[in-house]
Amino acid sequence: MKFKEFFVKHHAIFYGFICLIANILAVVSTNLTSFPMPDTTPLREWIEFMHSHSAIVLAIAISCYSLPTILCILYGSKAVKFKQKPKEYTEVLVHMPIAYSLRGTTGWISNAICEVVILLYLKITADMDIAFILISSFTSYIFLTILTFTLSFFSLETLNRNLVLPALYPQGNISRVNRASLSSLKNMFLFYFFSAAVFPTAYLGIRLFFTKRYNVEIPNYLDFVFTLLLLLIGLVLTFLIAYFFQRPLKKLTESANEISKGNYDVATKICSNDEMGILGDSFNAMAKSLKEKEFMRDTFGKIVTPQVRDYLLSGNAGLGGKTLEITVMFCDIRGFTTLSEHMRPEEVVSLLNSYFTGLEKCIASHGGVINKYIGDAVMALFGAPVPSSTHAMDAYLAALDMRKTLVEMNKSFVQKGMPEIHFGIGLHSGPVLAGNIGASSRMEYTVIGDTVNTASRIEGLCKNYKTDLLISQSTALLIDKEEGANGLTFVAESEIRGRKEKVRLYTK
């Protein structure tokens, strides 16, 4: 087992050791920066009392070190107790740094209480002047308590956020856990300011006051050591507090860059229940929402074509429409009913899907939009929903590409044991009403008008004139305006059902 995995599995024990190390560092710091103690009678009496009652002093010291250990063990046992209760278990883990840090200071607090009780006893029984000893001891214990808590909390919180919680909760989502007061970024910065600036300055001021008050000389190296220690503590705290934000912000930046590239399968692992944790969870929720919207947008584009999708999503989702000059294409398979009688349904579906895929590529490559599939027929639009001045030429070129593509598709169909397909294409240009037609709760984008009906009728005439492409005169005139679009052949002047005037038809 790797050390990281071992640490995560037994983090409660390691956290206890870190609290112990913080206490030891606090003791070392106090010895290096001890208060100046004048040689006075009360101080000598106090030292003599401690030497004569060494057993009591030892018992108090042992109990003071045992108390935080027992309290930390009791808190750590909650993790085992709530193992099967995810919410409570998560809350225990998230609050473990501050819980251990507070319990790690109980030794100094209990030691201070015991010392006050003993001093009051000596005041009553021996009328000893305890003011100086009481103030100096009280100040030292405050220093020990704050230093122990500060070192423990920032160390444990750093490990918890960057090692333990990300391993146990790789998806994050712990920002909703009840927040301890110190978990707020504002309170954490205030505590950092107090620990790195206010407290050292106050301690230095009190120490200077005692030096002047009792005319005690302090070796110069002690001032240097004291100053160096305060700078070191401030540097460590600054590094830890910066580390709190550097990693989460780096993760957010990397994830944001991935999203900007279109990769929505990304999540930032910020495991905390402060504002950074809320930001991380919100970011992940946003990425998930964008992925869902992109999926819906992509799926929507497969149902109504990307052009229609973009048209509707740009604020054109209401009923109604507008008049456009477009070219309508109808393409129908010849003899499909007879063809499908000799095929299984799944084979028919497979054949149609391959066929429609090939046609769609030809139509889309020339700016066309497949508006609907009508059984084995295709209705395509050129010039809607996005207007185009070359819609007739685009439809004509798409039809020629469809011819070539059908030849290649038939080769593939024959190799697979499927029948060849033959189609008829009709093109007609004119005005249509393009827009959303239907009910307010269920509508579709389509075009209506005589142009659509005429295009459908022209496609049906391909059987009569034994050709696969018929182009109306209105479309042919627009094609002839385009450079290099010569060579259309006149077919006939035909009657169109529903129209009084005959339509001149052309082919290629």
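Just so you know, these numbers come straight off a predicted model, no measurement behind them. Residues: numbered from 1 along the sequence shown.
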List the steps, then state whether side-chain contact (heavy atoms from CB on, under 4.5 Å) holds for R403 with L469.
CA-CA 9 Å; R403 273 180 172 174; L469 174 62; 3.7 Å; yes
Does L352 form a side-chain contact (heavy atoms from CB on, under 4.5 Å) with I333? I'd like the steps, not just the answer.
CA-CA 10 Å; L352 285 177; I333 298 178; 3.9 Å; yes
Verdict with reasoning, D376 to Y355, per side-chain hydrogen bond (donor to acceptor under 3.5 Å, both in side chains)
CA-CA 9 Å; D376 61 312; Y355 168 73; over 6 Å; no
One pair to check against side-chain contact (heavy atoms from CB on, under 4.5 Å): F356 and I370. What are the steps and the verdict?
CA-CA 10 Å; F356 286 142; I370 294 181; over 6 Å; no
Does the side-chain contact (heavy atoms from CB on, under 4.5 Å) test come out yes or no for D401 and L397, once each step is laid out?
CA-CA 6 Å; D401 278 354; L397 294 176; 5.6 Å; no
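A 4.5 Å side-chain heavy-atom check between L461 and L505 finds at least one atom pair inside the cut-off. Between M418 and S350 there is a side-chain heavy-atom pair separated by less than 4.5 Å. The shortest side-chain heavy-atom distance between D468 and I425 does not fall under the 4.5 Å cut-off. Side-chain contact between Y396 and L488: present, with at least one pair of heavy atoms (C-beta onward) separated by less than 4.5 Å. No side-chain heavy atom of I18 sits under 4.5 Å from any side-chain heavy atom of Y100. Using a 4.5 Å heavy-atom threshold, the side chains of Y75 and M96 count as touching. Using a 4.5 Å heavy-atom threshold, the side chains of M329 and I363 count as touching. When side chains are defined from C-beta on, T454 does not count as touching V328, because their heavy atoms never get closer than 4.5 Å.
Looking only at distances, no side-chain donor or acceptor of T475 sits under 3.5 Å from a matching main-chain atom of A392.
Taking every heavy atom of both residues into account, G430 and E325 meet most closely at C-OE1, 3.4 Å. For the pair T145 and T105, the tightest heavy-atom approach, listed with the atom from each and the gap, is O-CG2, 3.5 Å. G104 and T148 make their closest contact through O-CG2, 4.0 Å (heavy atoms, listed as atom of the first residue, atom of the second, distance). Annotation for A399 and L427: closest pair CB-CD1, 4.5 Å, computed over non-hydrogen atoms. The minimum heavy-atom distance between G424 and R334, with the atom names listed, is CA-NH2, 3.3 Å. Looking at every heavy atom in both residues, P419 comes nearest to F413 through O-CB, 3.8 Å.
Note that the CG atom of L433 and the OG1 atom of T451 stand 11.0 Å from one another [nearest 0.5 Å]. A distance of 11.5 Å separates CD1 in I479 from OG1 in T390, rounded to the nearest 0.5 Å. Separating the OG atom in S494 from the NZ atom in K502 is a distance of 8.0 Å, to the nearest 0.5 Å. In this structure, S155 OG and I21 CD1 are separated by 9.0 Å, a value rounded to the nearest 0.5 Å. Rounding to the nearest 0.5 Å places CD1 of I374 at 11.5 Å from SG of C331. The distance from the CE atom of M379 to the OG atom of S456 is 9.0 Å, given to the nearest 0.5 Å.
Using modelled atom types and a 3.5 Å distance limit, the side chains of T327 and H391 yield a donor-acceptor pair. Counted by atom type alone, S152 and S101 present zero donor-acceptor pairs between their side chains at under 3.5 Å.
A 6.0 Å sphere centred on CD of E346 holds more than 12 heavy atoms belonging to other residues, nucleotides or ligands. Heavy atoms of other residues, nucleotides or ligands lying less than 6.0 angstrom from NZ of K361 number 12 at most. Within a 6.0 Å sphere centred on CD of E495, other residues, nucleotides and ligands contribute 12 heavy atoms or fewer.
Taking the six-membered ring for Trp and thresholds of 30 and 60 degrees, F153 and F149 have nearly parallel ring planes, at less than 30 degrees apart. Ring-plane geometry between Y506 and F490 is classed as perpendicular, the angle between the planes exceeding 60 degrees on a 0 to 90 degree scale with a lower cut at 30.
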